Protein chains: 2
Amino acid sequence: MQLSDAEWIVMNLIWDSQPTEASEVIAALGSENGWSGATVKTMLHRLVKKGALHTESVGKKYRYTAAVRRSDCVRRASRSFLERVFGGDAAPALLHLVRTSKLSDSELAELRELLDAKSSKNKESKE
Amino acid sequence: MQLSDAEWIVMNLIWDSQPTEASEVIAALGSENGWSGATVKTMLHRLVKKGALHTESVGKKYRYTAAVRRSDCVRRASRSFLERVFGGDAAPALLHLVRTSKLSDSELAELRELLDAKSSKNKESKE
DNA sequence: GTAAACAGTTTACGTCTGTAAACGCATCGG
DNA sequence: CCGATGCGTTTACAGACGTAAACTGTTTAC
């Protein structure tokens, strides 16, 4: 499920507050991004058509829900980003991101923990 | 300097082996990506037009060199990726990438070092 | 020197994107 | 009951993208 820039904006909103009605999306993105209602409607329609969203008309109300999991889209987008910018090599990407990002102490700690967990897994598979 | 997928492929090649002649790019990307020579020529032309590449005709030979720094493009692409997929928040992105990537011991070590350096910098600024 | 090869420029064309108006149908308020 | 409002659908349109052929001028090999 390849999402464009604008589509990510819509999907992020819907993932965050499902199920969502058109009016909410229009209200949120209209003021936040300066999109006209017509534009938002087009995005929603296209996302439904490409299978990223799902509409249910419960009673007389229409609601949008995500039809694809955010994690899948994130995975796909990350892979594509790594591929195009870093030739698929995660390590330089990570180094770059760490260098150029502000990270709080707790975030740093969490990352360090993950790295430690990964190291021990490396050791295991070596044995 | 917003680069498209295909443009990244060309730019990566040229950054790696500057200066480059059209024939080399065509040879490399033709076999590697299955692009026709005509396609490569179009890409080169567009990249020159948008200011990402620079042509010099030294004597009777034409050579392409990058007119933008890779690091700038990487920064821009990373920011855009973070923005669209993780709402601009680096920490979750890093966690995701670490979780889903294979990293060697030395890469893990290097990352850990960077994190440590960042921690101490955090402390400094607090004092 | 004439044809083949090569390089850059033009033109082409279908698809995707961002942005939006217009249309048609249902519903709601008066 | 009738017009305003809300929502989904259709249509629109310019610019970017991927892909590539055609054209033109130059260089090179026979």
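Convention: sequence-line order gives letters A, B, ...; per-chain numbering from 1. Quick caveat, the model's predicted, so the values are computed rather than measured.
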Who passes side-chain hydrogen bond (donor to acceptor under 3.5 Å, both in side chains) against [X], sequence neighbours left out?
{"X": "Ser31(B)", "result": "none"}
{"X": "Ser36(A)", "result": "Thr39(A)"}
{"X": "Asp5(B)", "result": "Arg84(A)"}

Sorted by chain and residue number, the salt bridge (Lys or Arg N to Asp or Glu O under 4.0 Å) partners of Arg76(A) (sequence neighbours excluded) come out as none
Salt bridge (Lys or Arg N to Asp or Glu O under 4.0 Å) filter on Arg112(A), not counting sequence neighbours, yields Asp116(B)
The correct set of residues in residues 68-87 of chain B placing a heavy atom under 4.0 Å from DNA chain C is none
Residues of residues 15-33 of chain A with a heavy atom under 4.0 Å from any atom of DNA chain C, listed by number, are none
5' to 3', nucleotides 9-20 of chain C under a 4.0 Å protein heavy-atom cut-off (B base, S sugar-phosphate only, - none) gives SB-B----BBBB
Salt bridge (Lys or Arg N to Asp or Glu O under 4.0 Å) pairs touching residues 87-98 of chain A, sequence neighbours excluded, are none
In short, salt bridge (Lys or Arg N to Asp or Glu O under 4.0 Å) pairs touching residues 16-36 of chain A with sequence neighbours left out are Asp16(A)-Arg70(A), Glu21(A)-Lys61(A)
Would you check if Glu110(B) and Leu95(A) make a side-chain contact, meaning some heavy-atom pair closer than 4.5 Å? yes
In short, side chain to side chain donor-acceptor pair (under 3.5 Å) pairs touching residues 43-55 of chain A with sequence neighbours left out are Glu7(A)-Lys50(A)
Within this structure, what is the [atom1]-to-[atom2] distance between [X] and [N], rounded to whole angstrom?
{"X": "Tyr62(A)", "N": "dG24(C)", "atom1": "OH", "atom2": "C1'", "result": "12 Å"}
{"X": "Leu44(A)", "N": "dT10(D)", "atom1": "CG", "atom2": "C1'", "result": "16 Å"}
{"X": "Leu53(A)", "N": "dC7(D)", "atom1": "CG", "atom2": "C1'", "result": "15 Å"}
{"X": "His54(A)", "N": "dG8(D)", "atom1": "NE2", "atom2": "P", "result": "14 Å"}

So ring pair (Phe, Tyr, Trp, His ring centres under 6.0 Å) across residues 3-22 of chain A, not counting sequence neighbours, yields Trp8(A)-Trp15(A)
